[in-house]
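Numbers restart at 1 for each chain; the letters A, B, ... are given by sequence-line order, proteins then strands.
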Amino acid sequence: MTGAALIILALGLPLLAAPLIWIVGNRPNRREAVTLTIAAALLLVVLAILPLVLAGLPVRVALGAPVPGLNIAFSVEPLGMIFACVASFLWIVNSVFSIGYMRGNNEPRQTRFYVCFAIAIAASIGLAFAENLFTLFVCYEALTLSTYPLVTHHKNAEARQAGRTYLGILLGSSVGLLLPAIIATWVLTGSVTFTTGGIMAGKVGPVIGGILLLLYLYGIGKAALMPMHRWLPAAMVAPTPVSALLHAVAVVKAGVFTVVKVTVYIFGLDYLRELAMADVALYLAGFTILTASIIALRQDNLKRRLAYSTVSQLSYVIMAALILSPLSTMGAALHIAVHAFGKITLFMAAGAIYTAAHKTKVSELAGIGRRMPWTMGAFAIGAISMIGLPPAAGFISKWYMLLGAFEAEQFFAVVVIVLSTLLNAAYFLPIIYAAFLKPQTDGGSSHGHGEAPLPILLALVATAAGTVLLFLFPGSALELAGLLVGR
Amino acid sequence: MSGLIGDLLAHLPALQVVVPLAAAPLCLLAGRAGLAWIIAFTAAVAATATAAALAYLTFHNGTISYHMGGWAPPWGIEYVVDTANALILLLVSAIATVVLAFCPASVAREIRPGSQHLFYCMFILCLTGLLGIAVTGDAFNVFVFLEISSLSSYALIAMGGHRKALTAAFQYLIMGTIGATFFLIGVGLLYMMTGTLNMADLQARIPAIQDSRPVAAAMAFITVGLALKAALFPLHLWLPNAYASAPSAVSAFIAATATKVSLYVLLRFTFTIFGANFAFLNLPLHWVLLVLAVIAMFAGSFSAIFQRDVKRMLAYSSIAQIGYITLAISLASSAGISAALIHIFNHGLMKAALFCAMGCIFYRIGSTRIEHFAGLGRQMPWTMTAIVAAGLSLLGVPLTAGFISKWYLVQAALQADLWWLVILIAASSLLALVYVWRLVEAMYFKAPPAGREDVGEAPLSMLLPTLLLAGLNIYFGLDTRLPVAMAESAAALLLRGQM
Amino acid sequence: MLQVILDHYNYWIAIFLMMVGFYTVVARGNLVKKLVGLNIFQTSVFLLYISMGKVTGGTAPILDDRFQVYSNPIPHVLILTAIVVGVATTALGLGLVVRIRESYGTIEEDELDLADGET
């Protein structure tokens, strides 16, 4: 099958899933079967594209041009490949988890949940494969709009408030900052196509270039650079599978993916090195890393702590991209995948705890490791990956970032990485310590609960294992990341 | 070419106006609503076909000049069709057709049975006026058609169900007449100075006398008069009341077309007759328009956010959108004029779809107040889909027509090196987000109020036109060839030999 | 200076009437008075047109050997149309006033504003 057909298939499958799920919505078993079958098929299609990309073959398809010069076109390059692999694999895992969670908690409106989820996946795949900024922007907005019903799943006042914040920040930043930046890029360079080496060099002066860089960084609200991060904690009101979607599978990944893509293929690393603003942006990212980590320390609600951890981890990717050395760019690309696996493990563990024990606070978790050893074991692996210790994959991406920072002599970045590693440890290790080593504290209120339902456990163990396996066998991921920077 | 068809084609510009004009008394004579509707609808379809043929001919063969009654210009009345007004003709007649298709059920609900045929008579007369304004090449003729469309629209608005419609129509009558009279004064001054009323002739004679004070005064009177008609801030006060209290079908038709036609005339006078050099170098018209347009964008959107009646909200949104169009005109560049024409076209589609959807809702629940929208997302899913689609277009989300408008507008601003305008455009789009989302939240998040019986969708004859218009908002976001090609060709024509 | 004013007396009259009409429209609260003002306003413009077509010493444009100088008939014809428009506007306006009076019981603007208020 040709590359073009594969891309169409990869976009079409989740789009096809949406109406199918709707049609069989009254029969939960069939509905879930549709989701899982199509998710599996999508993964196979994405994996079928992988060898073509590794072989350096062009894989592209153009669907039309609403405005002359502005194509709706898709073309697969290494970074998009990483993102697409992560999203399509985690769709399966997250669906398995969702089945356990949604049924275990008797959530309403499950059909709508799966429909929107499928559309969000389609948007993510489109975003991953977008050939130019315009296509990317379209998919970016589609992702925002399709996840809005998920964030407001509970339809109560709290959900509506969160939905306002979510939509307000994401649409606000994208329409208010990102779109003008894209149009300015178009006017200044005559192109919005992602091009190896960037398109800005020689066409955009340093001042305008610096302004554009800031417009992009803040305009991509999904990357949650402070102060654009507020939607992330707000969106925590949604059910846990939605949090997993936002934090691991699609939304924030789409944000940092876009940032890396813009720095590498629109600005170009060489051009950015001449830009004073790139250093400023680096400091901003470093500031976000540290501040978010400190805020995370103070959160007692487990999901909120994880949310701030995400904010900090996202800025790792932004900072790594702005260190502007090929090695750290590889680190950024790897970190997108690594963080996805680690964070989805953590969120699913939080969901498992909620489903089995109805606990949401860190302070309530003492001794829970003995009742839910699998869950907390997976949680520990996810946490280790976040901190960046072997044998979890987080180590690899951090390693590349550090190497890159030394290579580019960005010692600020080195200091930030070291400090934040300590902070990460400070907010994750006590949870693990309490869960396994502290005695249970709740006075009788706790009824005898055991592990979470089996689908949840399966999903948890799969992603935790993925985190370890990615550490042990980083081959393809490294190869793709290497291709991204031409190594 | 065979004789009959050849004759028909030769007289297309006249037929464009004559067919609906002849249909109006027929509607009156018909005396019954059903028959009157058939006559009006047939005339509107014929007008659309004529407009489509004219658009095709002008786009491929260039400008058409038609001498009314065989009298040669500049003494006789000349009808001139080029790509600029062909686009307007097409928009106006197509929207009239779709809205007329929407009419029977809506009119049966909102207008007294005895006067329904009069409604169709006025409707088709209003269409005549709007088409006449667009097609004519004679300055005084513009005034006559302007008054035909205005008088019929005052009557149409007064047919609204609530008594407020009467005061709204009266208010509109006073302000509209003042606007038209201002326009008349301007035309009189021009005639005094040049001795001609033909637009092409005026264009040729004005440069020689452009430094004289009467010409400047003429420009000022004409601009103010048209700004009143186009509801450009701060002359917009008649618009919210008129749109909010008019019958649904009238709101949909007038909101989509009437102000747009006035803006077209403004374009025609500014660029063709006075010439950009006169308007923008001798007089600081562009700064005046630009500042007013920016204020309109924000004042309109801010007011829209606080409205409790959704039709009023949409009316204020129109004021903001007219601001966008005026802003594009004020840039006085080829890109700006294209952007203005594209937005005239796209905004017509958006507002027609939204007001038709309001008609569907009014048909079922008898109100358009936002608190009564609660729970409609579940009860009228298709109408709500149309609102969301047109609302997204209003915001300028990609793959909708609204995005194309914004894209060209922002490009035009950037070409003029006005970076800060881009920021303002983006900021005002965000305000639109607020009021569109208020609507979405009301529809989808609240349970239907207790006591309201379970309402369903509006009849298909209303729903289908609404969905068609909403679908066109998406279609013209994907396939932009028609409006963009016409607008760019029109911009080149309007600016020919200038700047 | 005085000569300039006197030479253009027709314009001054038109402007004076125009302002009187405009003021009446804006300042009067009674809807009928507003319409009267509107009529004066329109009429002033008619006068502007008619007087501008007048050629000193010219007659009505009747083709006859005895007359050499004719006034310009076009503005007069134009104004015939405008008068018809004005009559239609007045008729429609008065019709509306009657309907307003029927449903509100008043034709004073401030009372009308109060009648509907913010319902």
Can you establish whether the number of heavy atoms outside [X] located under 6.0 Å from its atom [atom1] is more than 12?
X: B:F302; atom1: CZ; answer: no
X: B:R163; atom1: CZ; answer: yes
X: C:R99; atom1: CZ; answer: no

Chain B contact via [X] - side chain, backbone, both or neither, heavy atoms under 4.5 Å:
X: C:Y104; answer: both
X: C:A82; answer: both
X: C:S103; answer: both
X: C:L78; answer: both

Quick check for you: to the nearest 0.5 Å, what is the distance between [X] atom [atom1] and [Y] atom [atom2]?
X: C:T89; Y: B:L173; atom1: OG1; atom2: CG; result: 6.0 Å
X: B:F140; Y: C:Y49; atom1: CZ; atom2: OH; result: 5.5 Å
X: B:Q171; Y: C:E109; atom1: CD; atom2: CD; result: 7.5 Å
X: B:T177; Y: C:L38; atom1: OG1; atom2: CG; result: 5.0 Å
X: B:L189; Y: C:L48; atom1: CG; atom2: CG; result: 6.5 Å

Q: Determine the sole option in C:L92, C:L112, C:I107, C:L35 for which the side-chain contact (heavy atoms from CB on, under 4.5 Å) test with B:F170 is passed.
A: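 Single pass found, and it is C:L35.
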(Q) A side-chain contact here means heavy atoms from C-beta on lying under 4.5 Å apart; do C:M18 and B:I185 qualify? (A)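 Yes, close enough: below the 4.5 Å cut-off.
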Q | Structural part of B:I178 lying under 4.5 Å from a heavy atom of chain C | A |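 Answer is both: backbone and side chain atoms of B:I178 are under 4.5 Å from chain C.
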Q.
Set out, in order, the CA-CA distance, both residues' side-chain angles and the distance that settles side chain to side chain contact (heavy atoms under 4.5 Å, CB included) for C:I74 and B:Y191, then state yes or no.
A. CA-CA 10 Å; C:I74 291 184; B:Y191 181 74; 3.5 Å; yes
Q: Determine the option with the most heavy-atom pairs under 4.5 angstrom with chain C, choosing from B:A158, B:G188, B:S150.
A: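 Highest number of pairs under 4.5 Å: B:G188.
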Q | Options B:I174, B:L166, B:I148, ranked by heavy-atom pairs under 4.5 Å with chain C, top entry | A |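 Most pairs with chain C among the choices: B:L166.
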